[in-house]
Amino acid sequence: MYAHDMSAGAKHERAKALVEELWRERSGVVSTQVLQELAVNLRRKAGRPLDAKATREIVADYLTWQVIVNSGESVLEAIDLEGRYRISFWDALVIQAAQASGAVALYSEDLSDGHAYGSVRVINPLRVARPT
């Protein structure tokens, strides 16, 4: 969402750069769940909420990426991941989609940066590096 929320300051700039890189590399993957959350959050939680037309255009753009469709089996696998890693079901469903796609990196601000869930490692692209 931050890539499209111009009121998000530095988070907007970091997220926008990441999304642009994924487009250039043609390596973006997104799940139906993430698209659904994006559509809701752009209209309700963005600093400057978007209208339905603008939201639809953004979601349509992401449909050019590989889209992982959540199936009944996806739900069952997410329940297993939820128990194994003691995370929310919704986070488990995102992880399940990443695993199903063959991704090795999952970009998320919500999950623990650097944590591995099987073959998928979480990267928080919005984290500000701390001085050493």
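Values reported hereafter were calculated over all heavy atoms of this structure, with side chains retained and with hydrogens, waters and symmetry mates removed.
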Please table the atom pairs, donor to acceptor, closer than 3.5 Å between any side-chain atom in residues 101-114 and protein atoms at least two apart or in another chain.
unit_1 : atom_1 : unit_2 : atom_2 : d
Ser101 : OG     : Ala98  : O      : 2.8
Ser101 : OG     : Ala103 : N      : 3.2
Ser108 : OG     : Asp110 : N      : 3.0
Ser108 : OG     : Leu111 : N      : 3.1
Glu109 : OE1    : Tyr2   : OH     : 3.3
Glu109 : OE2    : Lys11  : NZ     : 2.7
Asp113 : OD1    : Asn124 : N      : 2.7
Asp113 : OD2    : Arg127 : NE     : 2.9

Which atom pairs, donor and acceptor, lie under 3.5 Å between side-chain atoms of residues 47-54 and protein residues at least two apart or in another chain?
unit_1 : atom_1 : unit_2 : atom_2 : d
Asp51  : OD1    : Lys53  : N      : 3.3
Asp51  : OD1    : Ala54  : N      : 2.8
Lys53  : NZ     : Glu57  : OE2    : 3.2

Point to revise | Partners passing side chain to side chain contact (heavy atoms under 4.5 Å, CB included) against Arg44 (at least two apart in sequence or in another chain) | key: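 By the side chain to side chain contact (heavy atoms under 4.5 Å, CB included) rule, Arg44 matches Val40.
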
Practice item. Output all residues satisfying side chain to side chain contact (heavy atoms under 4.5 Å, CB included) with Gln36, sequence neighbours left out; order by chain, then residue number. Key: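 Gln36: side chain to side chain contact (heavy atoms under 4.5 Å, CB included) contacts with Gln33.
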
**Study point:** Gap separating the CD atom of Glu13 from the CE atom of Met6, nearest 0.5 angstrom
**Key:**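 Atom-to-atom, Glu13:CD and Met6:CE are 10.0 Å apart.
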
Point to revise | Ile87 side, atom CD1; Leu93 side, atom CG - distance, nearest 0.5 Å | key: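 If I round to the nearest 0.5 Å, the distance is 10.0 Å.
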
Exercise for review: Provide the full list of ring pair (Phe, Tyr, Trp, His ring centres under 6.0 Å) pairs with a residue in residues 54-85, sequence neighbours left out, each pair given once.
Suggested key: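 Sorted pair list: His4-Tyr62, Trp23-Tyr62, Trp23-Trp65, Tyr62-Trp65, Tyr85-Tyr117.
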
Check your understanding: How does the hydrophobic cluster around Val29 look, that is, which other residues are in it when side-chain heavy atoms under 4.5 Å mark a link?
Key ->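 Besides Val29, the cluster holds Ile68.
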
Identify every side-chain donor-acceptor pair in residues 72-84 under 3.5 Å, counting partners at least two apart or on other chains, and give the distances.
unit_1 : atom_1 : unit_2 : atom_2 : d
Ser74  : OG     : Ser71  : N      : 3.0
Ser74  : OG     : Ser71  : OG     : 3.1
Glu77  : OE1    : Gln96  : NE2    : 2.8

Practice item. Tell me, please, which residues at least two apart from Asn41 pass side-chain hydrogen bond (donor to acceptor under 3.5 Å, both in side chains). Key: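 If we apply the side-chain hydrogen bond (donor to acceptor under 3.5 Å, both in side chains) test to Asn41, skipping adjacent residues, there are no hits.
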
Practice item. Please name all residues satisfying side-chain hydrogen bond (donor to acceptor under 3.5 Å, both in side chains) with Ser88, sequence neighbours left out, ordered by chain then number. Key: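 Expected list: Asp91.
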
Point to revise | Qualifying salt bridge (Lys or Arg N to Asp or Glu O under 4.0 Å) pairs, either residue in residues 22-37, two or more places apart | key: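 Found none.
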
Review point. Are Val94 and Leu63 linked, directly or through other ILVMFWY residues, by side chains that come within less than 4.5 angstrom of each other?
Key: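 Both belong to a single hydrophobic cluster.
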
**Study point:** Result of checking Leu35, Thr64, Leu22 against Val30 for side chain to side chain contact (heavy atoms under 4.5 Å, CB included)
**Key:**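 So, applying the side chain to side chain contact (heavy atoms under 4.5 Å, CB included) to Val30 and each of Leu35, Thr64, Leu22, only Leu35 qualifies.
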
Review point. What are the two closest heavy atoms between Ala15 and Ala3, and how far apart are they?
Key: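 Heavy-atom minimum between the residues: CB-N, 3.5 Å.
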
